[in-house]
2 protein chains.
Amino acid sequence: MEGLHPFAAEGKRSMQRATLREVAVMAGVHPATASRALNEQTEGLVNAVTAARIKKIAAEMGYSPNPIARSLKTARSESIGLVIPDLTNPLFPPIVRGVEDVLRAVGYSAWIVNTDNRPDVEKAAVQSFRRRNVEGFVFATAHLKHPLLDELAAASTPMVLVNRRSANPDIPSVTSDDAAGVAMAMQHLVELGHTKIVHLAGPQDLSTGLNRRRAFTSCLEDLRLPAEKERTVICEAWSEQAGAKAMGTLLDSGPEFTAVLAGNDLLALGVYDALSARGLRCPDDMSVVGFNDMPFMDKVSPPMTTVRIPHYEIGAEAARLLLEVLNDPSRHPRSLLLPLTLTVRSSTGPAPQNPATN
Amino acid sequence: MEGLHPFAAEGKRSMQRATLREVAVMAGVHPATASRALNEQTEGLVNAVTAARIKKIAAEMGYSPNPIARSLKTARSESIGLVIPDLTNPLFPPIVRGVEDVLRAVGYSAWIVNTDNRPDVEKAAVQSFRRRNVEGFVFATAHLKHPLLDELAAASTPMVLVNRRSANPDIPSVTSDDAAGVAMAMQHLVELGHTKIVHLAGPQDLSTGLNRRRAFTSCLEDLRLPAEKERTVICEAWSEQAGAKAMGTLLDSGPEFTAVLAGNDLLALGVYDALSARGLRCPDDMSVVGFNDMPFMDKVSPPMTTVRIPHYEIGAEAARLLLEVLNDPSRHPRSLLLPLTLTVRSSTGPAPQNPATN
DNA sequence: GTGAAAGCGCTAACAA
DNA sequence: TTGTTAGCGCTTTCAC
């Protein structure tokens with residue numbers, strides 16, 4: 001704390017921002033009256049002519065209310081906390097933009113924090129946000145079991161989850177329809193003649209990992225495809241390395257298969273690595289489908305067939321939902337399941353007659 | 001504002017956070033004494049035994065100071081503003097993490113804003129940050145001429161630019177050594193036998209676009225390569241589309257050439273597009289070098305040879321520089337030029353004997 | 001319709 | 001070494 005003198009040059013009176021009291025003095029009214037005139041909600045309480053005069057003077061003086069002082073008094077902030085696990089994952093920045101755009105339109109802003117997937121960082125960030133009177137939260141970090149979120153929910157903290165859901169049904173969320181996405185991908189593979197399909201599942205403590213795996217299993221049944229247990233491998237993380245490792249396991253000791261449905265694009269990239277490490281070609285020897293359609297998935301080699309989720313819209317809808325709750329706390333929060341589409345590129349092709357796997 | 005009741009359930013006394021006054025009462029001292037005991041800088045002013053007692057009680061009560069109240073009083077915030085042009089550009093998230101990590105270690109935090117490259121959004125964000133008493137800024141949005149930055153610099157606002165510099169020499173920055181990077185790339189191409197090289201330059205109102213273009217021109221001279229003016233095309237934006245368009249122009253009406261140095265990776269991706277649109281192969285017909293080594297550039301087809309800049313370190317160093325200035329405002333701010341490396345992948349190869357260009 | 005007064009929670013000058 | 005006092009800038013009862 002010592003020795004910090006930010007904006008020292010602004011100590012000069014000339015640079016100082018006008019204060020409410022100064023506006024009031026100029027207008028010849030009491031600060032309270034000026035406050036009322038300058039606030040939409042209370043403007044009606046003050047004589048229209050006086051209000052107009054006050055507003056004119058305030059504008060001339062370049063007055064704008066001090067948000068710190070206001071926040072101290074009102075315990076509000078016109079801000080929400082946006083908690084992201086990893087900003088370097090290209091999935092999240094478009095979500096952030098969706099949130100920001102919607103909030104900005106109503107004068108709110110988002111305070112973003114990157115937790116690096118660390119619960120301790122998340123907890124500290126949430127604490128810090130609360131001390132700063134954020135009015136609600138958007139979490140992209142949800143685990144199915146997530147004590148911190150349960151705690152906040154129990155305290156009726158306004159919040160919305162994005163991308164991932166919690167097992168706690170009281171917490172509203174905006175996610176894509178994972179089951180539908182898996183079904184589309186499977187349908188596509190079956191139409192290409194694939195019957196021997198495997199799934200690289202993501203971590204099962206996340207709704208995305210769990211739901212996609214369950215949907216895969218259901219699809220196998222619905223489509224009457226071979227469905228032994230070994231058709232699914234659960235990856236340790238949503239990472240390329242984990243995907244490569246899991247794919248290696250399947251190639252070594254899994255069943256015969258001609259297509260892979262990866263739990264997300266990063267895992268699918270790992271599949272690419274495992275394939276080229278063994279001299280297998282995609283899609284000739286093996287078809288691969290990803291999930292998310294992250295930026296640049298059209299540029300990788302081969303361009304990846306993947307389930308496209310509406311990143312930006314997820315963020316935007318989450319912000320809208322949150323604003324609804326803030327405007328009417330009695331409102332029962334809804335969860336939204338957004339539709340997704342299959343983007344077909346060249347990582348999927350006709351099933352080979354002679355599978356490269358044993 | 002109306003109707004917002006955040007954390008309504010926390011109105012309950014039991015959930016309320018302890019206040020300084022409450023701690024003071026429990027400890028049987030005046031709030032001012034408690035304040036002194038609880039602040040590192042002033043702890044020495046208070047009797048060691050009393051101080052210990054106060055701290056113990058504060059801990060038991062779970063006391064933590066209200067940052068809003070503190071900020072209102074002190075006009076500080078332990079926060080800085082971090083201004084990013086576009087978070088969906090993979091170049092920036094690692095920089096953000098560098099900044100955050102360094103700040104977090106000293107108890108500071110960064111308030112991130114995405115300007116979408118819009119000066120109005122940037123201006124509003126800066127205003128908003130200042131009203132919230134940020135102690136300084138990190139800007140990733142700098143233009144060579146940038147009135148807003150000049151204004152802040154004139155007011156001695158602590159700030160550091162990242163990735164891009166300003167023409168204003170008073171503003172410290174942390175950037176990579178663009179000229180050195182260009183030289184490395186050119187050296188590499190020449191070693192592969194290329195002599196006919198062109199440059200896709202970025203916007204010339206940005207230091208990155210300008211410096212890389214100038215370095216390219218110097219390299220042509222130094223290496224005694226053909227150096228007509230048409231060897232450089234200036235792109236309208238750092239985007240794939242702009243790169244494709246510029247490359248099209250060169251292929252249609254430019255000089256004979258066998259290699260392209262792109263101003264950044266996005267432009268280089270546009271070059272890929274233009275090449276495949278004309279049935280040209282990379283690197284057989286044309287070598288391509290990018291700049292930045294954004295995430296996934298090892299995954300595109302062909303994997304891209306590109307100049308790697310130390311994204312994370314740029315952010316981290318910027319935060320360190322800013323903290324230095326905050327701790328000692330009299331300190332003359334330095335600018336840092338970080339070294340970079342060439343990452344050779346398969347988008348560059350031996351110069352073809354018969355150039356595909358006219 | 002307007003003013004007076006109080007106070008959000010904290011820190012800093014001054015006194016004792 | 002500690003307490004007193006004042007105030008950061010704003011909003012919000014309560015009077016009038």
Side-chain angles (χ1 to χ4, degrees), chain A residues 1-2 4-7 10-11 16-54 58 61-78 130-133, chain B residues 1-2 4-7 10-11 16-54 58 61-78 130-133:
Chain A
M1 203 146 310
E2 44 141 359
L4 303 187
H5 299 136
F7 311 125
E10 287 225 348
Q16 214 92 325
R17 275 212 152 275
T19 192
L20 181 65
R21 187 202 304 275
E22 291 166 357
V23 173
V25 169
M26 291 297 288
V29 296
H30 188 102
T33 308
S35 171
R36 288 188 273 251
L38 263 15
N39 267 303
E40 282 206 13
Q41 317 311 321
T42 48
E43 194 191 336
L45 300 177
V46 66
N47 179 297
V49 185
T50 338
R53 181 163 43 91
I54 294 170
M61 299 177 70
Y63 172 77
S64 81
N66 180 323
I68 306 276
R70 178 178 273 178
S71 192
L72 182 59
K73 181 64 187 176
T74 64
R76 299 206 212 91
S77 63
E78 310 213 309
R130 304 207 55 178
R131 305 287 348 224
R132 294 187 178 276
N133 295 335
Chain B
M1 203 144 309
E2 45 141 0
L4 303 188
H5 300 134
F7 311 126
E10 289 227 346
Q16 214 91 324
R17 274 211 152 277
T19 191
L20 181 65
R21 187 202 303 277
E22 292 166 357
V23 173
V25 169
M26 292 296 288
V29 296
H30 192 270
T33 307
S35 171
R36 288 188 274 251
L38 264 14
N39 268 303
E40 283 206 11
Q41 318 311 322
T42 47
E43 195 190 334
L45 301 177
V46 74
N47 178 296
V49 185
T50 337
R53 180 164 42 92
I54 294 171
M61 299 176 71
Y63 172 78
S64 82
N66 180 325
I68 306 275
R70 178 179 273 178
S71 191
L72 181 60
K73 179 69 185 174
T74 63
R76 299 207 213 92
S77 63
E78 310 213 308
R130 303 207 54 180
R131 304 288 348 228
R132 294 186 178 276
N133 295 335

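Letters A, B, ... are given to chains in the order of the sequence lines, protein chains preceding strands, and every chain is numbered from 1. Treat the numbers as computed from the prediction; the structure is a model and nothing was measured.
Straight-line distance from the CD1 atom of A:Ile54 to the C1' atom of C:dG3: 12 Å, rounded to whole Å. Between A:Arg131 atom CZ and C:dC10 atom P there is a gap of 7 Å when expressed in whole angstrom units. If you measure from atom CD of A:Glu43 to atom P of D:dT12, you get 15 Å, rounded to the nearest angstrom. Regarding B:Leu72, its CG atom lies at a distance of 17 Å from the P atom of C:dG7, rounded to whole Å. In this structure, the CZ atom of A:Arg132 is 16 Å from the C1' atom of C:dC8, given to the nearest Å. The nearest whole Å value for the distance from the CG atom in A:Leu38 to the P atom in D:dC10 is 9 Å. Note: CG (A:Asn66) to C1' (C:dG9) measures 15 Å, nearest angstrom. Between the CZ atom of A:Arg17 and the P atom of D:dC8 there is a distance of 17 Å, rounded to whole Å.
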Check: protein-nucleotides 12-16 of chain C nitrogen or oxygen pairs below 3.5 Å:
from	atom 1	to	atom 2	distance (Å)
C:dA13	N6	B:Arg36	NH1	3.4

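Within the 4.0 Å cut-off from OP1 or OP2 of C:dT11, at least one side-chain nitrogen or oxygen of B:Asn39 is found. Regarding contacts with the backbone of D:dT11, a side-chain N or O of A:Arg70 is found under 4.0 angstrom from either OP1 or OP2. For the pair B:Thr19 and C:dC10, the criterion of a side-chain N or O lying under 4.0 Å from OP1 or OP2 is met.
A:Met26 CE: 12 or fewer foreign heavy atoms inside a 6.0 Å radius.
Listed by first and then second residue, the side chain to side chain donor-acceptor pair (under 3.5 Å) pairs that reach into residues 44-54 of chain A are A:Asn47-A:Thr50, sequence neighbours excluded. Pairs passing the side chain to side chain donor-acceptor pair (under 3.5 Å) check and including a residue from residues 25-37 of chain A, sequence neighbours excluded, do not occur.
With sequence neighbours left out, B:Arg21 forms a side chain to side chain donor-acceptor pair (under 3.5 Å) with no residue at all. Applying the side chain to side chain donor-acceptor pair (under 3.5 Å) test to B:Ser71 and every residue at least two apart in sequence or in another chain returns B:Asn133. Taking the side-chain contact (heavy atoms from CB on, under 4.5 Å) definition, one finds that B:Ala37 meets it with B:Val46, B:Ala51, B:Ile54, sequence neighbours left out.
Within the helix from C:dG1-D:dC16 to C:dA16-D:dT1, the inter-axis angle between the opening and closing five-pair segments is 40°, rounded to 10°.
Formation of a donor-acceptor pair under 3.5 Å by the B:Arg131 side chain with backbone atoms of A:Ser64 is found in this model. Put simply, the side chain of B:Arg70 never gets that close to the backbone of B:Arg76: no donor and acceptor are under 3.5 Å apart. At distances below 3.5 Å, not a single donor-acceptor pair connects side-chain atoms of B:Asn39 with backbone N or O atoms of B:Gln41.
Two residues, A:Ser64 and B:Gly44, neighbour DNA chain D, and the one matched to the more 5' nucleotide by heavy-atom proximity is B:Gly44.
Contacts of A:Thr50 with the nucleic acid, taken as non-hydrogen atoms under 4.0 Å apart, involve only primed sugar atoms and P, OP1 or OP2.
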